[in-house]
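Heavy-atom basis, side chains included; hydrogens, waters and symmetry copies ignored. Remember, it's a predicted structure, so these values are computed and weren't measured experimentally. Chain letters run A, B, ... following the sequence lines, proteins first, then strands; residues in each count from 1.
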Number of protein chains: 2
Amino acid sequence: MSKRSKRRGDGYDGEKWAPATGLPRSADACRLLPRYRTGDRKLVAGRDLFSIGETNTSVFNLLSGWVAIYTLLEDGRRQIVHFALPGAVMGMPTSKDAQASHGAEALTDVIVSVIPDTVLAASSRDDPGMAMRLAGTLARDTSMAYDHMTSIGRRTARERVAHLLLELFTRYRAQWPGERIEEMTIPLTQEQIGDATGLTYVHVNRVLGALRKEGIVHFHYRRLRILDPDRLIEVAGVDPQTAMSWFQR
Amino acid sequence: MSKRSKRRGDGYDGEKWAPATGLPRSADACRLLPRYRTGDRKLVAGRDLFSIGETNTSVFNLLSGWVAIYTLLEDGRRQIVHFALPGAVMGMPTSKDAQASHGAEALTDVIVSVIPDTVLAASSRDDPGMAMRLAGTLARDTSMAYDHMTSIGRRTARERVAHLLLELFTRYRAQWPGERIEEMTIPLTQEQIGDATGLTYVHVNRVLGALRKEGIVHFHYRRLRILDPDRLIEVAGVDPQTAMSWFQR
DNA sequence: CGTTGGATTGAGTCAACTCAAGGATCGTGG
DNA sequence: CCACGATCCTTGAGTTGACTCAATCCAACG
């Protein structure tokens, strides 16, 4: 586990492959609260930011890196329910001293700002806009969860994988506004893609193989290259209209 | 569609089967905003409260009845992502004039309070606590979505169905605090259970048949009877500890 | 009592899974 | 700079859970 951190970097090394002349969205642009009200914390890839069963008294605001939100079943089956990118808010309590029903694992080295519940509550009093911004973020999370759920429940393996890659690609791209990147590093193994799509890694591998042979996408050792965006959109079963709006965002 | 409304009632007719001497949580207890700031609206079962693609300028706060939140794929595949019960907030915009990516169908006759975005924004300024309460509700929605997703992605058909029935049962029961109900009306067809679990209705039927034969639950024509709660919890693959806490809530 | 949504059951198929054995790639330490 | 160990990826063969297609059957309502 500890070794992985060295290998993976901070998730920004996609720049090596498709140099983005623009700058990624700055950490401060991702902040829910002003810097002086929060403490920042670094975390190495592979570590849990928080784990299932913990009772957190803080909310986490991701400033840089990738985090996987996951749940576990008793026998070890695992589902990744969300990939958090910079700007995300994680660990919102669902009730007073509730145990977290999901965990959060750093996929890359990560920086989060730690916001104690008390600070959050206080801030919402001084700054009414903040709570509504937070609500907006949470509404988007719910909406993304609904999309992801639809994928898992109703799409074929092929569609699911294509949809996930497309989603990650567009969300990643949104971090470098105005850039045209068709190659990026996704800090995921095929097993993690399986955990996110509800498939086994063996089957993910077969699907990826097929998509590669067809010249649609190439994914290999965490490197993603989109070979044919239009066909990817088609396979993912996304309305082209909608997809284009993602690219413009 | 129009006929369904007459047959189904308002979702409270479970009382006929397992008379609850207590009263259901009153509509006003479900309100996000005080009555005078909102307009209430009635809706007949089978109708959409809002549909996919619409650009809503209001948020809906469910006061009574059941609503299914669903998404559709182009070819008609449907996924029910959430069952909203009284107290739920629906239709939160994910960005400025975004089109709704999911729809909301009344499963029973329904009463909602309609809160224009402008009122919501204004209220958050006067009443800072409201926005945080809203954030809490949304955080719970996200968390439920994550659980549901885990079910669909990683559980077997049998586990999924058991889990859903258990969830609906406990959430329903929570509306009559202190009551002991083991029989209730769930305003769902087997097809809708399939849409929620990512299964076909044929397979849902077989699973329900098995659970009935084994004396665990009996579900037939919208009537749910829990025959063996402990075994249901076991089949659902829920930690008994956690399950018990649901019952106490 | 007829009509119409549901629910049920059987037979056959297939997408995704399991089990199992290599092969490739990466980071490390000699 | 090379060799090693640890992940990670790839591929084959056989199995199975859930699906499709296609009839009925039943319950509720008018």
Side-chain angles (χ1 to χ4, degrees), chain A residues 1-9 13 16 44-46 75-78 107-109 151-162 185-213 217-224 235, chain B residues 1-9 13 16-17 45-46 75-78 107 151-162 185-213 217-224 235:
Chain A
M1 275 289 179
S2 53
K3 281 184 195 164
R4 282 152 77 191
S5 58
K6 300 253 178 88
R7 191 161 69 249
R8 293 212 212 143
D13 50 15
K16 282 185 295 194
V44 130
D75 60 1
R77 281 175 287 178
R78 171 175 153 123
L107 294 170
T108 63
D109 292 351
S151 224
I152 294 171
R154 289 305 189 199
R155 286 195 228 261
T156 64
R158 185 180 163 83
E159 294 168 328
R160 283 185 229 180
V161 171
T185 297
I186 298 191
L188 298 179
T189 64
Q190 295 185 2
E191 181 167 22
Q192 288 164 325
I193 293 179
D195 284 345
T197 51
L199 301 166
T200 59
Y201 68 90
V202 175
H203 201 237
V204 168
N205 181 274
R206 291 193 226 274
V207 170
L208 285 173
L211 292 176
R212 173 163 20 102
K213 232 167 283 165
V217 293
H218 187 98
F219 182 83
H220 194 71
Y221 281 91
R222 303 193 171 84
R223 191 130 303 125
L224 173 67
V235 173
Chain B
M1 274 288 181
S2 54
K3 280 187 191 160
R4 282 151 79 190
S5 59
K6 300 256 179 86
R7 192 159 68 250
R8 294 214 209 142
D13 49 14
K16 283 185 293 193
W17 297 88
D75 62 0
R77 282 175 286 178
R78 172 176 152 122
L107 294 170
S151 222
I152 295 170
R154 289 305 189 198
R155 286 195 229 261
T156 65
R158 185 180 162 83
E159 293 168 328
R160 283 184 228 178
V161 170
T185 295
I186 297 191
L188 299 179
T189 64
Q190 297 186 359
E191 180 165 24
Q192 288 164 325
I193 294 179
D195 284 345
T197 50
L199 302 166
T200 58
Y201 68 90
V202 175
H203 201 238
V204 167
N205 181 274
R206 291 192 227 275
V207 169
L208 285 173
L211 292 176
R212 175 166 16 105
K213 233 166 281 166
V217 294
H218 187 100
F219 181 83
H220 194 72
Y221 281 92
R222 305 192 168 84
R223 192 129 301 126
L224 172 66
V235 173

Sugar-phosphate, base or nothing in reach of A/Gly198, heavy atoms under 4.0 Å: sugar-phosphate

Check: A/Arg222 and A/Thr189 side chains under 4.5 Å, non-hydrogen atoms: yes

A/Leu199 side chain, from C-beta outward: closest of C/dA16, D/dA27, D/dC8: C/dA16

Candidate list B/Arg154, B/Glu159, B/Arg158, test side-chain hydrogen bond (donor to acceptor under 3.5 Å, both in side chains), partner B/Thr156, passing option: B/Glu159

Between P of D/dA18 and CZ of B/Arg154, the distance in whole Å: 13 Å

Any donor-acceptor pair under 3.5 Å from B/Arg155 side chain to B/Arg160 backbone: no

Whole-Å gap separating C1' (D/dC9) and CD1 (A/Ile193): 12 Å

Separation of atom CZ in A/Phe219 from atom P in C/dT25, rounded to whole Å: 14 Å

Distance below 4.0 Å between B/Thr189 side-chain N/O and C/dG6 OP1 or OP2: no

D/dG12 base / A/Arg206 side chain donor-acceptor hit below 3.5 Å: yes

Under 3.5 Å donor-acceptor, A/Asp109 side chain and A/Ala45 backbone: yes

Rounded distance in Å - CZ (A/Arg223) to P (C/dT25): 12 Å

d(NE2, B/His203; P, D/dC19) in whole Å: 6 Å

Protein-nucleotide distance (B/Lys213, atom NZ; C/dA7, atom P), rounded to Å: 16 Å

Among C/dC17, C/dT25, D/dA22, the nucleotide that comes nearest once only the side chain of B/Val202 is considered: D/dA22

Rounded interatomic separation in angstrom, taking CG from B/Asp195 and P from D/dC19: 11 Å

N or O in side chain of B/Arg222 less than 4.0 angstrom from C/dG6 OP1/OP2: yes

Nearest-Å distance for atom pair CG/C1', residues A/Asn205 and D/dT7: 14 Å

Heavy-atom check, side chain of B/Val161 versus side chain of B/Leu199, under 4.5 Å: yes

Which residue lies more 5' along DNA chain C, comparing B/Glu191 with A/Val204 via nearest heavy atoms: B/Glu191

First of A/Gly209 and B/Arg158 reached from the 5' end of DNA chain D, by closest nucleotide: A/Gly209

Distance-only donor-acceptor test (3.5 Å): side chain A/Tyr221, base C/dA24: yes

Sugar-phosphate, base or nothing in reach of A/Arg212, heavy atoms under 4.0 Å: sugar-phosphate

Residue whose closest nucleotide on DNA chain C lies nearer the 5' end, A/His220 versus A/Tyr201: A/Tyr201

Residue B/Gln190, side-chain heavy atoms: nucleotide from D/dC8, C/dA16, C/dT8 that is nearest: C/dT8

Short side-chain N/O contact to C/dC17 OP1/OP2 from A/Thr200, under 4.0 Å: yes

Atom pair OG1/CD1 of A/Thr108 and A/Ile186 - distance to nearest 0.5 Å: 12.5 Å

